[in-house]
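Notes for the one structure printed next.
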Amino acid sequence: MTVPVPSERTPARAVARVLVESPLPQLDRLFDYAVPASLRDEVAPGIRVKVPLRSAGRIADGFVVEVVESSAHGGELSEVEAVVSTASVLAPEVWALARAVADRAGGSASDVLRLAVPPRQARVEKALLAAAVAAAESGETVEPPTVVASEVTGYRADQLAGIVAARGRAAVDAIPLLVELPDGAWVGRWALTVAQLASVALAAGENAIVAVPDHRDEDQVLRALAALLPPESVVRLDSKQSNADRYRSVLRARGDEPLVLVGNRSVLLAPSARLGLIVVFDDGDPLLGEPLSPYVHARDTALVRQSQQQTALVFLGHARSTDVQRLVEIGFLAEVRPDPRYQPHVVPTSQQAAQDGFAAMARIPSTAWTEARAAVEHGPVLVQVAHPGYSPRLACTECGDTARCTRCGGPLVQRAQGAQPACSWCGALAVGWRCSTCEGTHVKAVGTGASRTADELGKAFPGVRVIVSDGQRLVTHVDAEPAIVVATRGAEPLAPGGYRAVLLLDGERMLARESLRVAEDCLRWWANAAALAARRAPVVLVGVGGAIASALATWELARYASGELADRRELRFPPAVRVATVTGGVETVARALDELPEGVRRETLGPVDVPDAGVRAIVRFDYASGHDVAQVLRSQVIRAATERRRAIGSRRGRGLPTLRVRFDDVEPFTD
């Protein structure tokens with residue numbers, strides 16, 4: 001393992017250009033500092049330093065972005081206060097990426113770097129630096145392990161391997177099956193495709209970055225990589241690691257040996273100078289959307305990085321997002337489908353009557369029952385439901401209104417049979433509850449959650465194990481013995497050889513959610529569950545018909561995404577266009593909107609009142625206008641922050657509203 005340290009002596013007269021770590025938007029630029037003679041051998045690009053700020057003589061942390069011989073500043077420069085560490089943790093390619101994605105989203109580069117560079121771990125750093133110095137002094141070199149490129153199976157010969165070699169860009173439809181690895185582990189066929197692609201990049205002496213939504217997907221990729229590559233060629237980098245392990249992984253990624261970096265959305269910000277491949281799996285999953293400012297989606301980070309480093313880029317998934325479909329239709333991404341084509345055996349049952357008897361039977365038609373009863377004799381059966389808990393909603397017995405918490409107004413839920421109702425927002429128990437509409441004191445269950453479904457299925461299948469996997473009970477794998485596995489969407493465990501049958505319940509309830517992306521989300525949830533079925537095992541879609549059911553049954557998921565995108569184009573909704581939400585005081589928002597180009601102002605929706613936040617406007621604009629809109633709105637954010645800062649010492653200053661801007665946010669289109 002190598003750790004970058006300063007290799008060039010700093011010039012006699014040196015100026016360090018430093019990015020100060022600060023949430024203040026007005027500090028989102030490089031500041032010039034003179035390098036004192038005592039630090040000239042230590043100051044180098046990428047290291048952490050402490051620098052003075054002019055206001056109140058404060059000392060701030062920062063990163064040295066570059067060292068130059070002169071400054072455009074005409075006055076006297078302040079000096080670098082101290083070097084925190086000589087380890088170069090900010091790679092040039094990471095700085096360029098952070099600056100670019102922050103500018104695209106109208107945000108601060110320091111907010112992006114907070115996600116890219118973990119907090120310093122002095123003990124880890126010192127150990128690695130000492131090892132690097134010792135290796136340099138001894139002259140010993142460690143040759144990287146030899147990697148042989150694997151054949152990318154399941155697709156036309158050399159198609160995907162050729163894309164990696166030519167640094168092309170592709171939207172790849174994953175093969176909806178499970179495969180067994182040499183060690184006996186079972187993973188999604190998509191994970192093996194990822195590992196095969198990564199081996200092609202490593203065999204060419206280049207790095208690969210693989211971004212997946214969560215730890216379940218990450219575990220599958222790591223297992224598949226372990227079957228094809230030496231263990232020292234794979235580095236895990238995600239938010240679930242300890243600070244020490246994450247810091248160690250970042251320092252290792254700064255080395256020279258070819259690696260595969262695997263993690264969640266933040267892995268796309270990992271250092272990698274010789275990057276040959278970026279793979280993003282299931283880009284429609286909301287877990288790949290960054291919840292922290294500047295809210296840059298992993299898909300957009302991957303696109304920006306690909307353009308900067310000219311790497312191969314692959315978006316892989318069972319169901320294609322409308323965002324990726326747009327890139328396919330404009331010719332930016334090539335379309336790659338499995339060869340030979342494999343289609344799961346999907347059976348829609350929207351016109352079939354339900355069974356009588358248990359509450360669970362009322363949700364399951366006769367075909368689904370028949371398939372489940374036959375399949376459970378040979379192995380596990382998966383039942384996907386919409387909500388965790390016992391009852392997802394409680395209502396007043398007298399008037400039927402939703403039962404709400406008397407403390408915060410959140411909806412009441414029942415998490416287990418016989419449990420005391422509690423608020424789903426604040427967790428308060430509904431002791432002595434009284435309906436605010438009719439003064440009633442009793443509640444009734446409305447809907448069926450995972451726990452209640454499991455109870456009912458346990459009665460319907462006596463003697464068969466019932467396993468629940470949801471947000472509260474985490475199950476990642478089940479064995480091949482007969483069982484009924486009830487799982488919420490996204491929490492489905494893996495079963496050896498695949499499930500003998502898959503039942504997709506609550507489809508109508510899932511589609512009833514008011515959201516711009518509800519249809520493509522449902523199709524993605526169902527497709528990912530169908531991919532867990534054994535070869536030709538029945539996948540029964542309950543209670544859903546129309547175009548979306550036909551798309552799943554024929555496995556023409558890309559065609560459905562194309563239709564969704566066409567509707568968005570007609571309505572001028574994302575991703576046919578980009579959007580930005582502008583939130584703040586009435587005057588502040590109005591001033592920001594007035595600065596926008598006239599064509600963009602004509603497509604502005606609102607402003608409308610937002611509780612506890614002033615007003616909000618939605619700005620719609622074409623992709624070609626993105627740079628100009630981001631610059632204008634960013635300048636207004638800085639202006640509002642500066643005015644508030646100047647008046648902060650007065651009561652008027654404390655009351656001044658802030659201006660918040662968020663790009664590519666679809667939440668305003670969700671009820």
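Note that these values count all heavy atoms, side chains included, but never hydrogens, waters or copies made by symmetry. The residues of the chain are indexed from 1 along the displayed sequence.
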Q) Would you call Val49 and Glu81 a side-chain contact if the rule is heavy atoms closer than 4.5 Å? A)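 No. Closest side-chain heavy atoms not under 4.5 Å.
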Q. Taking C-beta and beyond as the side chain, do His215 and Asp238 meet within less than 4.5 Å on heavy atoms?
A.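 When only atoms from C-beta onward are counted, Asp238 and His215 do not touch, as no gap falls below 4.5 Å.
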Q: Indicate whether the side chain of Arg634 and that of Ser108 have a donor and an acceptor atom separated by less than 3.5 Å.
A: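 Yes.
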Q. With no hydrogens and no angle check, do the side chains of Gln310 and Arg167 hold a donor and an acceptor under 3.5 Å apart?
A.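 Short answer, no.
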Q | Least distance between heavy atoms, Trp190 atom then His318 atom | A |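 Result for this residue pair: CD1-CE1, 3.8 Å.
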Q.
How close do Arg246 and Pro118 get, counting heavy atoms only, and between which atoms?
A.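 Here Arg246 and Pro118 meet closest at NH1-CB, 3.5 Å.
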Atom [atom1] in [X], atom [atom2] in [Y]: separation rounded to 0.5 Å?
| X | Y | atom1 | atom2 | answer |
| --- | --- | --- | --- | --- |
| Leu192 | Leu177 | CG | CG | 11.5 Å |
| Ser321 | Asp283 | OG | CG | 3.5 Å |
| Leu228 | Gln196 | CG | CD | 6.5 Å |
| Leu633 | Asp628 | CG | CG | 11.0 Å |
| Asn264 | Glu290 | CG | CD | 9.0 Å |
| Arg169 | Leu303 | CZ | CG | 9.0 Å |

Got a salt bridge between [X] and [Y], using NZ or NE/NH1/NH2 to carboxylate O under 4.0 Å?
| X | Y | answer |
| --- | --- | --- |
| Arg320 | Asp173 | yes |
| Glu21 | Arg114 | no |
| Asp323 | Arg326 | no |
| Asp219 | Arg223 | no |

Q) Name the one of Val267, Val221, Leu268, Val280 that satisfies side-chain contact (heavy atoms from CB on, under 4.5 Å) with Val210? A)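 The option that passes is Val221.
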In chain order, what residues pass the side-chain contact (heavy atoms from CB on, under 4.5 Å) check against [X], with sequence neighbours excluded?
| X | value |
| --- | --- |
| Ala37 | Arg40 |
| Ala91 | Glu93, Val94, Arg254, Pro271 |
| Pro496 | Trp186, Ala480 |

Q. Run the salt bridge (charged side-chain N to carboxylate O under 4.0 Å, His left out) check on Asp282 and Arg299 step by step: do they pass?
A. CA-CA 10 Å; Asp282 201 12; Arg299 176 179 51 249; over 6 Å; no
Q.
Do Arg104 and Phe663 form a cation-pi contact, if we require the NZ or CZ to be under 6.0 Å from the six-membered ring centre and within 45 degrees of the ring's axis?
A.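 The answer is no; the distance or angle limit is not met.
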Q. Are Arg189 and Tyr342 in a cation-pi contact, defined as NZ or CZ under 6.0 Å from the six-membered ring centre and within 45° of the axis?
A.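 Verdict for Tyr342: no cation-pi partner in Arg189.
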Q: Report the C-alpha separation of Thr301 and Leu269 in whole Å, then their side-chain angles, then the decisive distance to 0.1 Å, and conclude whether the side chain to side chain contact (heavy atoms under 4.5 Å, CB included) test is met.
A: CA-CA 8 Å; Thr301 303; Leu269 300 168; 4.0 Å; yes
